[in-house]
Each structure stands twice: as structure tokens, then as C-alpha cells.
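Chain A is the first sequence line, chain B the second, and so forth, proteins listed ahead of strands; every chain is numbered from 1.
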There are 4 protein chains.
Amino acid sequence: MTSSKVTSSVKDEKLIQHRRNQMIKGAVALFKEKGFHRTTTREIAKASGFSIGTLYEYIRTKEDILFLVCDSIYENVKVRMEAAFVTENATTEHLMEAVRAYFFLMDEMQNEVVIMYQEMKSLSKEAQEYVIKKEKAMVRMLENLISDSAPCQLKTSDISLIANNIFIQGQMWGFRRWMLQKDFTITSYTERQVHFLLAGLGVSERQVAANGSKYS
Amino acid sequence: MTSSKVTSSVKDEKLIQHRRNQMIKGAVALFKEKGFHRTTTREIAKASGFSIGTLYEYIRTKEDILFLVCDSIYENVKVRMEAAFVTENATTEHLMEAVRAYFFLMDEMQNEVVIMYQEMKSLSKEAQEYVIKKEKAMVRMLENLISDSAPCQLKTSDISLIANNIFIQGQMWGFRRWMLQKDFTITSYTERQVHFLLAGLGVSERQVAANGSKYS
Amino acid sequence: MTSSKVTSSVKDEKLIQHRRNQMIKGAVALFKEKGFHRTTTREIAKASGFSIGTLYEYIRTKEDILFLVCDSIYENVKVRMEAAFVTENATTEHLMEAVRAYFFLMDEMQNEVVIMYQEMKSLSKEAQEYVIKKEKAMVRMLENLISDSAPCQLKTSDISLIANNIFIQGQMWGFRRWMLQKDFTITSYTERQVHFLLAGLGVSERQVAANGSKYS
Amino acid sequence: MTSSKVTSSVKDEKLIQHRRNQMIKGAVALFKEKGFHRTTTREIAKASGFSIGTLYEYIRTKEDILFLVCDSIYENVKVRMEAAFVTENATTEHLMEAVRAYFFLMDEMQNEVVIMYQEMKSLSKEAQEYVIKKEKAMVRMLENLISDSAPCQLKTSDISLIANNIFIQGQMWGFRRWMLQKDFTITSYTERQVHFLLAGLGVSERQVAANGSKYS
DNA sequence: CATGAATGAGCGTTCATTCAT
DNA sequence: AATGAATGAACGCTCATTCAT
């Protein structure tokens with residue numbers, strides 16, 4: 001669905017969607033390499049396969065492109081996460097499997113994550129809030145899963161803390177790759193983080209690891 | 001000590017140090033608000049209390065300012081951390097106290113931390129490596145403390161993982177303030193993170209919390 | 001033909017040629033008056049009839065403009081010289097007529113010549129060599145003509161010397177105008193220089209001057 | 001003698017002279033390499049062996065330095081030429097010997113000559129006129145010698161032309177070195193130019209070359 | 001007399017954005 | 001709907017000149 005936050009002078013919704021996908025793909029590659037500010041609109045147009053004039057038929061300002069990129073990242077993450085999250089009668093195993101899915105997703109989306117971390121500040125206050133809202137919604141999903149699956153009663157603030165810890169541990173796999181990716185693979189990283197998570201929750205690992213995971 | 005990585009055309013070392021401190025202070029305030037790229041050298045000069053010409057007597061390029069800022073952040077953190085870290089016969093209590101000191105430091109340095117996260121990419125590859133080296137050295141300090149104080153034998157990769165988790169949990173207090181600082185104060189945040197850390201290490205909290213902390 | 005040494009971001013070759021001619025014309029007028037260094041790119045843009053942004057669509061650096069000017073001067077001189085030079089069965093009369101044509105051309109192009117003399121040093125080493133090559137090619141044309149038309153056998157080094165003398169005598173009409181243009185017109189200057197040239201070659205003037213010149 | 005055209009805030013005439021000589025020496029070396037505009041006053045101060053503040057005690061503007069350099073060049077040439085010029089009962093041999101002396105001087109002063117050609121335009125109109133006056137005076141010296149020594153009656157305009165030809169032939173040895181200094185040494189160059197000069201004057205070489213020259 | 005830190009006008013260059021075709 | 005030439009505000013940086021010490 002077209003991000004209605006960004007206006008276009010073109011009418012054909014299908015075309016808008018198509019062109020914007022081209023733009024996002026081109027922009028992510030460029031932002032990853034040079035960052036938002038060092039990337040010019042001309043470069044984005046070229047990488048997207050059309051002219052600077054055409055680019056401006058589908059956005060109003062350069063910031064719109066960054067917004068489109070950020071929005072698209074969250075959309076992708078959201079779709080993938082919803083597929084991995086069980087919402088009813090969740091067990092600790094469900095939680096662990098969701099965490100694993102999230103970590104593997106973060107591995108796939110390292111570049112996008114780094115972009116989010118580095119360029120979010122370049123968005124307008126308004127757009128930042130929109131994006132933060134999306135991040136909060138995702139954390140809430142995780143909180144619900146923790147809450148549902150927790151073996152014992154946890155304080156809501158503790159649930160929130162654990163959810164946030166998991167979230168940034170997933171993201172840090174990407175933005176601290178220079179620190180982590182010599183000692184770990186995504187598989188071993190995931191396994192050990194899950195291990196400490198369980199320990200933190202006071203769950204014996206044996207209880208959970210009985211049946212294997214998709215991700216190990 | 002003057003950062004010898006950045007050359008100045010002024011000879012008086014004392015003056016260089018003084019002027020650069022002015023620059024760093026001014027630049028941090030501006031970078032925090034608008035980011036590195038949106039801040040102009042003229043604005044930095046003005047915020048530092050001198051003219052654009054004088055600014056360039058103490059640096060060669062705008063990037064030098066960012067480097068000076070990053071370098072100064074690490075220098076400050078390092079000095080403070082070294083004071084908080086026990087290096088001999090460390091106990092779990094020592095570790096916890098060091099973690100608390102680190103979290104409170106991160107609370108003080110929120111703006112600087114956010115700048116580091118967002119602008120490090122704007123440094124030259126060379127300067128990035130220099131800064132990463134400093135970050136790695138600090139993580140190593142923490143690893144040593146964990147290793148020394150651990151109640152049981154831990155794998156070195158696990159030690160590294162725990163150290164990194166602690167590190168980014170401290171940093172995340174700043175860069176995810178919009179998420180955390182409604183539900184927590186730095187004190188409660190620190191307490192709960194320490195709680196889960198101990199749980200992860202398999203240490204009973206009662207054993208440790210007996211004598212109160214400076215930070216609670 | 002567009003000077004392929006200088007790149008442009010505009011694609012239309014015809015337009016490039018047109019805009020560059022405007023630039024050259026404007027730049028020559030300004031360089032003549034204030035020299036290359038004292039002329040700003042904004043002034044050149046204005047004198048060319050377009051904005052500073054447009055100027056930079058057709059060049060990459062200010063030095064490119066100087067190169068374009070120098071290149072264009074040589075191109076013009078070359079075209080004019082080739083038209084004036086006989087290449088087969090040349091007689092002394094042909095040589096004299098070519099020299100006269102050259103002197104009159106130098107009279108027309110005084111400003112350009114002065115610019116070349118004063119600003120060539122401002123070109124990059126690479127561009128200087130390119131321009132020197134062109135100058136050498138032109139001297140060679142003259143050498144050939146001298147060689148062909150000489151009444152007696154001359155040493156090649158003498159031919160080269162004579163050619164160079166003629167060349168700078170033509171140029172000096174422009175760059176020493178404050179010395180020469182009170183006592184001479186271009187016609188009388190040409191006539192006397194030709195006179196001494198013939199004397200130097202050991203040719204009686206009567207033999208040559210029989211049939212009048214276009215230039216007297 | 002101190003160039004009274006340039007004012008100094010220092011009183012001690014001896015010191016002024018000393019400092020200015022340092023400046024000229026440093027400046028010539030720099031101008032030769034990078035030209036007047038690309039050379040900074042700081043560089044000149046450094047090359048002169050004192051500070052930028054001191055530099056400005058002995059001149060008022062950067063242009064003053066260029067003027068000092070130009071003036072000094074002419075002063076040197078003048079002194080040397082006056083020594084080489086016979087003013088009474090001059091013969092063709094005297095003329096030839098003076099020309100040879102001039103050519104060898106131009107060989108020595110190539111850098112200075114090139115600077116004069118390229119940077120004179122950077123002087124103020126007033127200073128240019130002053131320098132041109134000096135050049136004219138020198139040409140006049142040569143004209144007088146030609147006039148005195150000429151074997152036959154020459155028109156004054158022809159004398160002027162010949163003097164100018166000699167002058168720029170000497171200078172061209174320096175500013176066209178890339179063209180001439182592969183085929184000639186200063187000795188052979190001088191000899192051949194003298195040869196053609198004599199031919200132009202209608203003098204048989206044998207009459208003159210009888211007794212050898214200091215310069216061959 | 002000598003120093004060198006301070007100044008700021010002014011330069012070359014970039015690039016987001018527009019709009020006629 | 002697509003193009004790309006045109007625009008000019010704004011940036012990073014330089015350097016001649018001054019003046020307090």
C-alpha cells in the first residue's frame with residue numbers, strides 16, 4: 001500500500017507503488033554506502049532507473065525518500081514478525097522461536113537496521129514520531145508474547161525491559177558487526193542470547209530445548 | 001592532551017587545548033540538535049565563541065571537529081570507567097558496582113552517545129577504525145572484570161557477549177529514551193538490568209545486594 | 001567540436017558547444033581585464049549570460065574554463081593558419097605572405113595572446129603539456145614552410161630558430177603593445193619585420209616585393 | 001637603495017633593505033614555482049625567515065612584494081647591462097658583445113623573466129607603468145648602442161624594432177625553454193641569433209667575428 | 001621591532017528543486 | 001508521465017590583513 005504520508009503528482013496508484021519500490025531499493029543501497037546526506041537525489045534517480053525529473057513526480061522532498069525507506073523497513077519487519085509470532089496459548093518455546101526468527105531477520109536486514117539507526121535523526125520531527133510509533137508497536141507485540149508465555153508472573157516494566165533488550169540485541173548484531181561477527185555466526189549468536197534470556201527468565205534450558213528449532 | 005591526529009596551525013598547545021574544548025562543547029550542543037551534516041562550520045564557530053577563521057586555525061576540515069568530539073567522548077568515558085573498575089580480586093559485587101557506574105555515566109552522556117551512534121559513519125574510514133579501537137578497548141576492560149569476578153567458569157565468547165550486552169544496554173538508555181524513560185528512572189533501569197544480568201550469570205541476588213550500592 | 005578533455009553533466013552536445021562558446025567569450029573579456037585569478041566564477045557565469053549553477057553544468061572546475069579558453073585560442077589560430085599556409089611548391093613569396101597573415105592574425109587576437117602568456121602557468125601540468133604540444137605543432141608548420149621555400153639550404157636548428165623568432169615577433173605585437181603600437185601600425189610593423197626576415201635569409205627584397213601583398 | 005615606492009613602518013633603512021632582500025629572495029623562489037596568486041603571504045614570510053607580522057612591518061600589501069620583486073629584477077638587469085654597454089665610439093663588435101652579455105644574463109635570470117611575464121598584470125596600473133618605464137629605459141640603452149654602432153644609417157623606427165627583437169629574443173630563451181633548450185645551448189643560441197642579427201643589419205659576419213668573444 | 005592569534009570577506013563548488021518541453 | 005537543463009542559496013574553506021602582547 002502506498003505510503004499516504006508522501007504525496008505524489010502522479011495519479012496511477014500502481015505506478016506510484018512501482019516507482020517507489022525502485023526508489024527504495026536504489027536508495028537503500030546508496031544510503032548503506034554513503035549515508036543519507038552524502039547521497040544526492042540525482043544518484044538516487046539514477047540508481048532507481050529514471051531521471052531526476054521523474055523522481056520528483058513521486059516525492060516532494062529528499063526527506064520523503066528517507067521516510068519511504070524507513071517506512072518500508074518497518075513494513076517488512078512487521079510482516080515477517082507477524083508471521084513468526086503466535087498470539088494464542090503461547091509457550092516459552094514459542095517465545096524462543098519468535099526471538100530466533102527475529103534475530104535471523106535482523107541478520108538479513110543489517111544494512112537497513114544500520115540506516116535506521118544513523119539516519120532517523122534526519123527525518124522531520126513528525127516523521128520521526130510516526131516511525132517511533134511503529135517501533136513501539138513492534139515492541140508491544142513482543143511484550144505480549146513474553147507476557148503470554150512467561151512461566152511466572154512478571155512486572156509489566158520488567159516485561160518491557162526484556163522486550164527492549166531482545167530488540168536491541170537483534171539490532172546490535174548488525175550495528176556492532178565489527179565487534180561480534182568475528183566470534184559468532186548468527187546461529188551461535190542467537191543460541192547464546194537465547195540461553196541468557198532463558199536464564200534471566202529463570203527457565204531451565206532443558207525444558208525448552210527438547211524439540212529442535214528451525215534456526216539451529 | 002591534544003589529539004595529535006588533528007593538526008593545528010597554532011603553536012601554543014595550551015591554547016589549542018582550550019579552543020578545542022570550546023569547539024567540542026559548542027559542537028556537541030549543535031550536533032545533538034541538528035546532527036553533524038545539518039550543522040555548519042560557521043554555526044560551530046559561533047557556538048564556540050570565535051570566528052570561522054579562528055575555527056580553521058585549530059582544525060583542517062569539518063570532519064576534524066567530529067573526530068575531536070568522538071575522541072573526547074571516549075576519553076571522558078575511559079577516564080571515568082577506569083576510576084570505577086577494580087582490577088584485582090574482583091568480586092561479583094565489584095562487577096555490579098562497575099555496571100552501575102557505567103549506566104549512570106551513560107545517563108550523563110546521553111547526548112554524546114546518540115551523536116556517536118548517528119555520526120560515526122560520517123568519519124573517514126581511518127578515523128572510524130581509531131574510534132572502534134577505543135570502543136573495543138573499553139569492552140575488553142569490562143570483559144576482564146567479568147572474567148575475574150565470575151562465580152563460575154564462563155566461555156570467553158560468552159564473556160564477550162555479556163560485556164557487549166551490558167555496553168549497549170547502557171547506551172540504549174540514551175538512544176531509546178523515548179521508549180524507556182517513561183517507565184524507568186536511571187536508578188530503576190539500572191537496578192532491573194543488574195537484576196537480569198545476575199540472573200543470567202546464575203547468581204542469587206541476595207548474595208550480592210547485602211551491602212547497598214552508591215547508585216541506589 | 002567539443003573539447004573532450006573537459007567533462008560536462010549536460011548531454012546535448014550542440015548545447016554544450018553553444019554554452020561553452022558563450023563561456024569562452026565572456027571569460028576572455030574578463031581574463032583580459034583582470035586576469036584569471038582575479039576573475040570569479042560568478043563573474044564568468046554572469047558574463048556568459050547564465051547562472052553559476054549552469055556554469056558548473058558545463059565544466060568541473062574553474063581551471064577547465066581557462067583550458068577551454070586556451071584550447072579555443074589554438075583552435076582558432078590553427079584553422080586560420082592552415083588556410084594561409086601553402087604546403088606544396090612553396091616560394092619565398094608564399095612564406096612572406098604566410099608571415100603577414102600570421103602577424104595580422106596576432107593583431108586580431110592580441111587579448112587572447114596576452115592571456116595565454118600570462119595564465120598558461122595556472123593550468124595543470126597535464127593541460128600545460130597539451131597546450132605546449134599544440135604550440136609546437138604550429139611552429140612545425142612554419143618550419144616546414146620555411147624549409148620548403150628557403151632559397152638556400154638551412155640547418156634544421158636555424159630553421160627552428162627562425163620559426164620561433166617569427167612566432168614571438170607576432171605575439172610580441174600584442175604583449176608589448178605599449179612599446180610598439182605608438183611607432184607602428186600592424187601594417188608597418190609587419191612590413192619591417194618581413195624586411196629584416198628577408199635580410200636575415202639573405203634574400204633581396206626586390207625579388208619578392210614585385211607583386212603586392214594582401215596585407216600592405 | 002630602498003624602493004621608496006613601498007612604505008614601511010620600520011625606520012632603520014639598513015634593516016629595511018636587509019629584510020626586503022630576504023623577502024625578494026624567498027618570494028622569487030615561490031613565485032617561480034607556484035606563481036604570485038597561489039603563493040600566500042605566510043609562505044613568503046616563512047621562506048624569508050620571519051613571521052607574518054614582521055613581513056607586514058616592511059610592506060603594506062601583498063602586491064608590494066610583487067612590486068619589490070619586479071623592481072629588483074630590473075635593477076639587477078640594469079646594473080649588469082650598464083657594465084656591458086659601451087657608450088662611446090661603439091662599433092658593431094661592441095654591439096654584438098653587448099647582445100651576447102644580455103643573452104647570457106637572460107639565461108641566468110630565466111626564472112625572474114618568466115615571473116615578470118606572468119605576473120606583471122597583477123601589479124596595479126601605477127606600478128605597471130613604473131615597471132614599463134624601466135623596461136623602456138633599457139630598450140633605449142640598446143637603441144643608442146645600435147644607433148651608435150650601426151654601419152649605415154637606420155631609421156629610428158627600425159632601430160627600435162631591432163632593439164625590441166633583441167630584447168624579446170633574450171627573454172624568449174627563458175619563457176620558451178620547452179621549445180628551445182633541447183636544440184640549443186645558451187652559447188649556440190646566442191651565436192645563431194647574433195648571426196641573423198648581423199645578417200639583418202647587412203653586416204658580413206667575417207668583419208666582426210675576427211676577434212673572439214667572451215661568450216663563445 | 002617582532003610575533004602569531006584573530007578576523008571575516010570572499011571564493012569555488014554543490015545540489016535540492018523547478019519547469020518548459 | 002517523463003525528461004534534464006537551469007537555478008541560486010548555501011556550504012566548506014582560504015588567506016590578506018590587523019593588532020594586542
**Student:** Starting at atom CZ of Phe50(A), determine the distance to atom C1' of dT3(F), rounded to an integer number of angstrom.
**Tutor:**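 Whole-Å distance recorded here is 13 Å.
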
**Student:** Using 0.5 Å steps for rounding, measure from the NZ atom of Lys134(D) to the CD1 atom of Ile73(D).
**Tutor:**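 With rounding to 0.5 Å, NZ (Lys134(D)) is 11.5 Å from CD1 (Ile73(D)).
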
**Student:** In terms of side-chain geometry, is the basic nitrogen of Glu57(A) or Arg19(A) positioned less than 4.0 Å from the acidic oxygen of its partner?
**Tutor:**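 So Glu57(A) does not pair with Arg19(A) through a salt bridge.
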
**Student:** Can Asp64(C) and Lys5(C) be counted as an ion pair, charged N to O under 4.0 angstrom?
**Tutor:**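 Salt bridge: no.
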
**Student:** Which label fits Tyr117(D) and Phe175(C): parallel for a plane angle under 30°, tilted from 30 to 60°, or perpendicular past 60°?
**Tutor:**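 Tyr117(D) and Phe175(C): perpendicular rings.
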
**Student:** Does Lys133(A) have any side chain to side chain contact (heavy atoms under 4.5 Å, CB included) partners at least two apart in sequence or in another chain, and if so, which?
**Tutor:**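 Checked Lys133(A) against side chain to side chain contact (heavy atoms under 4.5 Å, CB included); zero matches.
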
**Student:** Could you write out DNA chain E as dot-bracket? Rules: Watson-Crick or G-U wobble, both distances under 3.5 Å, brackets [ ] for crossings, | for pairs with another strand, dot for unpaired.
**Tutor:** .||||||||||||||||||||

**Student:** Calculate the interatomic distance between Ile44(D) atom CD1 and dC15(F) atom P; express it in whole Å.
**Tutor:**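 Taking CD1 of Ile44(D) and P of dC15(F), I get 12 Å after rounding.
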
**Student:** Does anything in residues 114-126 of chain A come within less than 4.0 Å of DNA chain F? Heavy atoms only, and list the residues if so.
**Tutor:**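 Heavy-atom contacts with DNA chain F come from no residue of residues 114-126 of chain A; none.
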
**Student:** Val69(A) and Phe31(A): which non-hydrogen atoms are nearest, and at how many Å?
**Tutor:**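 Heavy-atom minimum between the residues: CG2-CE1, 4.1 Å.
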
**Student:** Would you kindly give the CG-to-P distance between Leu55(C) and dC11(E), to the nearest whole Å?
**Tutor:**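 Going from CG in Leu55(C) over to P in dC11(E) covers 14 Å.
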
**Student:** Nearest 0.5 Å, please: how far is CD1 in Ile65(D) from CG in Leu30(D)?
**Tutor:**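 Atom-to-atom, Leu30(D):CG and Ile65(D):CD1 are 10.0 Å apart.
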
**Student:** Using a 4.0 Å heavy-atom cut-off, does Ser9(D) contact any base of the nucleic acid, only the sugar-phosphate backbone, or nothing at all?
**Tutor:**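 Answer is nothing: Ser9(D) stays at 4.0 Å or more from every strand.
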
**Student:** Tell me which nucleotide among dC1(E), dT7(E), dA2(F) gets nearest to the side chain of Lys11(D).
**Tutor:**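 For the Lys11(D) side chain, the nearest candidate turns out to be dC1(E).
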
**Student:** With the sugar-phosphate defined as primed atoms, P, OP1 and OP2, and the base as all remaining atoms, what B/S/- string results for nucleotides 13-21 of chain E, 5' to 3', for protein heavy atoms under 4.0 Å?
**Tutor:** BBSBBB---

**Student:** Less than 3.5 Å apart, which donor and acceptor atoms pair up between the side chains of residues 119-126 of chain A and the rest of the protein, not counting sequence neighbours?
**Tutor:**
| unit_1 | atom_1 | unit_2 | atom_2 | d |
| --- | --- | --- | --- | --- |
| Glu119(A) | OE2 | Phe36(A) | N | 3.0 |
| Lys121(A) | NZ | Gln118(B) | OE1 | 2.5 |
| Ser124(A) | OG | Ala127(A) | N | 3.1 |

**Student:** Is the phosphate of dC1(E) approached by Tyr58(D) (side-chain N or O, under 4.0 Å from OP1 or OP2)?
**Tutor:**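 It does not, given that no N or O in the side chain of Tyr58(D) lies less than 4.0 Å from OP1 or OP2 of dC1(E).
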
**Student:** Would you say the side chain of Lys62(A) lies within less than 4.5 Å of the side chain of Leu66(A), judging by non-hydrogen atoms?
**Tutor:**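 Result no, sub-4.5 Å side-chain heavy-atom pair not found.
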
**Student:** Anything under 3.5 Å between a donor and an acceptor, one on a side chain of residues 48-56 of chain A, the other on a protein residue two or more places apart or in another chain? List them.
**Tutor:**
| unit_1 | atom_1 | unit_2 | atom_2 | d |
| --- | --- | --- | --- | --- |
| Ser48(A) | OG | Ile44(A) | O | 2.5 |
| Ser51(A) | OG | Gly53(A) | N | 3.4 |
| Ser51(A) | OG | Thr54(A) | N | 3.2 |
| Ser51(A) | OG | Thr54(A) | OG1 | 3.1 |

**Student:** To the nearest Å, how far apart are Lys14(B) NZ and dG4(E) P?
**Tutor:**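 Going from Lys14(B) (NZ) to dG4(E) (P), I get 18 Å.
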
**Student:** Rounding to a whole Å, what distance do you find between Leu66(C):CG and dG12(E):C1'?
**Tutor:**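 Distance check: Leu66(C) CG to dG12(E) C1' gives 15 Å.
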
**Student:** Can you say whether the rings of Tyr130(A) and Phe67(A) are parallel (under 30°), tilted (30 to 60°) or perpendicular (over 60°)?
**Tutor:**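 Tyr130(A) and Phe67(A): tilted rings.
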
**Student:** Whole angstroms only, please: what is the CZ-P distance between Arg19(B) and dA5(E)?
**Tutor:**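 From Arg19(B) CZ to dA5(E) P: 10 Å.
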
**Student:** Just how far, in rounded Å, is P of dA5(F) from CD of Gln22(C)?
**Tutor:**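 Going from Gln22(C) (CD) to dA5(F) (P), I get 15 Å.
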
**Student:** Between C1' on dA6(E) and NZ on Lys46(B), what's the gap in Å once rounded to a whole number?
**Tutor:**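 After rounding, the reported distance stands at 18 Å.
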
